[in-house]
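Everything quoted here is computed from the prediction, not taken from an experiment.
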2 protein chains.
Amino acid sequence: MSHTLGIRQAQKQKTRQALMDAALVLLEEQSLSSLGLREVTRAVGVAPTAFYRHFRSTADLGVALVEEALGSLHPMIRTTVTAEGTSEERITRAVELIAGHVTAYPAPVRFIARERHGGVQPVREAIRDQLARFAEEVRTELAKDAEAEGWSDDDLLMLSHLYVDQMLVTASLFLEALESSPEERERVGLLAARQMRLISIGRRHWLD
Amino acid sequence: MSHTLGIRQAQKQKTRQALMDAALVLLEEQSLSSLGLREVTRAVGVAPTAFYRHFRSTADLGVALVEEALGSLHPMIRTTVTAEGTSEERITRAVELIAGHVTAYPAPVRFIARERHGGVQPVREAIRDQLARFAEEVRTELAKDAEAEGWSDDDLLMLSHLYVDQMLVTASLFLEALESSPEERERVGLLAARQMRLISIGRRHWLD
DNA sequence: AATTCCAGAGAACAGTTGTTAACTGGATGA
DNA sequence: TCATCCAGTTAACAACTGTTCTCTGGAATT
């Protein structure tokens, strides 16, 4: 089903990706609302006007970055929630997965944390929509679990939002600890695991 | 103990406050890292150079805004956690308190949510410090409660961080719903209350 | 009453920004 | 092979930025 792009389309996508990558680097030390289009093109080594061949504005670029950062995470989240094993094992695995992802891709994670409540409306909305999709997917996975018996749809969605928010809190904790010592990062992981444990306990006794 | 300021100092403080107020308005539609000093002085109606009499930079202004937004909230948080009544009553009261605060002071709340992970390091640090102080204070209040018997200091701090994070999540939910219908805002309040309820249940069974 | 102080004004600086228009040259399709 | 397309270039625009230095006039101090 894959169609080989012509030389022209291939080169265009390459430039587009270079713009997005350069933006992500520049956004490590500022917010999207202060990112200039010239700044990005300068970093790539291309004329300022070339920017318009790919994006209407930096806000438009931001929306594309949201897709890139979160779009590919859906299967990963699904399998994490579905994972077998005891509750304790699943928590440990989830925390390790988050730690690994943050270490491997710090820039996109930072971008999402920063722009979730940032100053650019279309980007905020794009992130909100993706996170809502995550919560929906987590809910359908949770619904399959035996523990979900007797739960209303509303309560399941409430819980899945709690889980998704907690993932983001954990990710941003790891982000802050990225430059810290391994001991500090271990401490963060243990804290995050305990918080998830408490939520799981609350879940287990919800219907009492 | 209050000392009446001279005319000069009084006028200076007035201008300083005007700069901060104007900044807060401008920051409703952008992030601090894109806020220009001229932009702020123009909004107040003073010369750009007057800015330097009060702040070294816009980052410096941001740190002052953090103090103003969070500094006065410590007693409020203390009493909320200490409040008497059943667990359910305390949750309802806490959610109402947050809803009321967001409605009364949306701009400072938005500023904190936005800059907590924003692009200006000193401001991020100022917010992190204030939130850590909140968590410490919540912990000492929780420690007084009978339910805290048998809890380690670490676990208490873990729980208080969970509560503080949940307050921020709730606040930003209300912020998003500010322009929505009363029904929608009521829905948000009920969701937030249920999430806090689940955490409280987890807390009750933590030592099982 | 004379002196010092200092918040704010004014003017000027070099450097930056987004956006427009007209162009070039290599890939594309007839 | 030849006409068309279009990603990227070049040049120019008015508008804006943070920062410096110099000045002013009223409050504060002596």
| request: Applying side-chain hydrogen bond (donor to acceptor under 3.5 Å, both in side chains), run through B:H161 and A:Q195 and close with a yes or a no. | output: CA-CA 9 Å; B:H161 266 110; A:Q195 289 183 337; 5.6 Å; no
Options [options], nucleotide nearest the side-chain atoms of [X]:
X: A:Q11; options: C:dG18, D:dG8, D:dC21; value: D:dG8
X: A:Y52; options: D:dT17, C:dG18, D:dG8; value: C:dG18
X: A:R42; options: C:dA7, C:dT16, D:dT9; value: C:dT16
X: A:R8; options: C:dA9, D:dG18, C:dA27; value: C:dA27
X: A:V46; options: C:dT19, C:dA9, D:dT9; value: D:dT9
X: A:H54; options: D:dG8, D:dT10, C:dG8; value: D:dG8
X: A:I7; options: C:dT28, D:dC16, D:dT19; value: C:dT28
X: A:A50; options: C:dT20, D:dT17, D:dG8; value: D:dG8
X: B:R38; options: D:dG18, D:dT9, C:dG10; value: D:dG18
X: A:A47; options: D:dT9, C:dA11, C:dA7; value: D:dT9

| Base, sugar-phosphate, or nothing for B:S57, non-hydrogen atoms under 4.0 angstrom? | nothing
| request: Could you tell me whether B:D165 and B:R116 have a side-chain N and a carboxylate O separated by less than 4.0 Å? | output: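 Salt bridge: yes.
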| Is any side-chain heavy atom of A:R185 less than 4.5 Å from a side-chain heavy atom of A:T103? |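 Yes, close enough: below the 4.5 Å cut-off.
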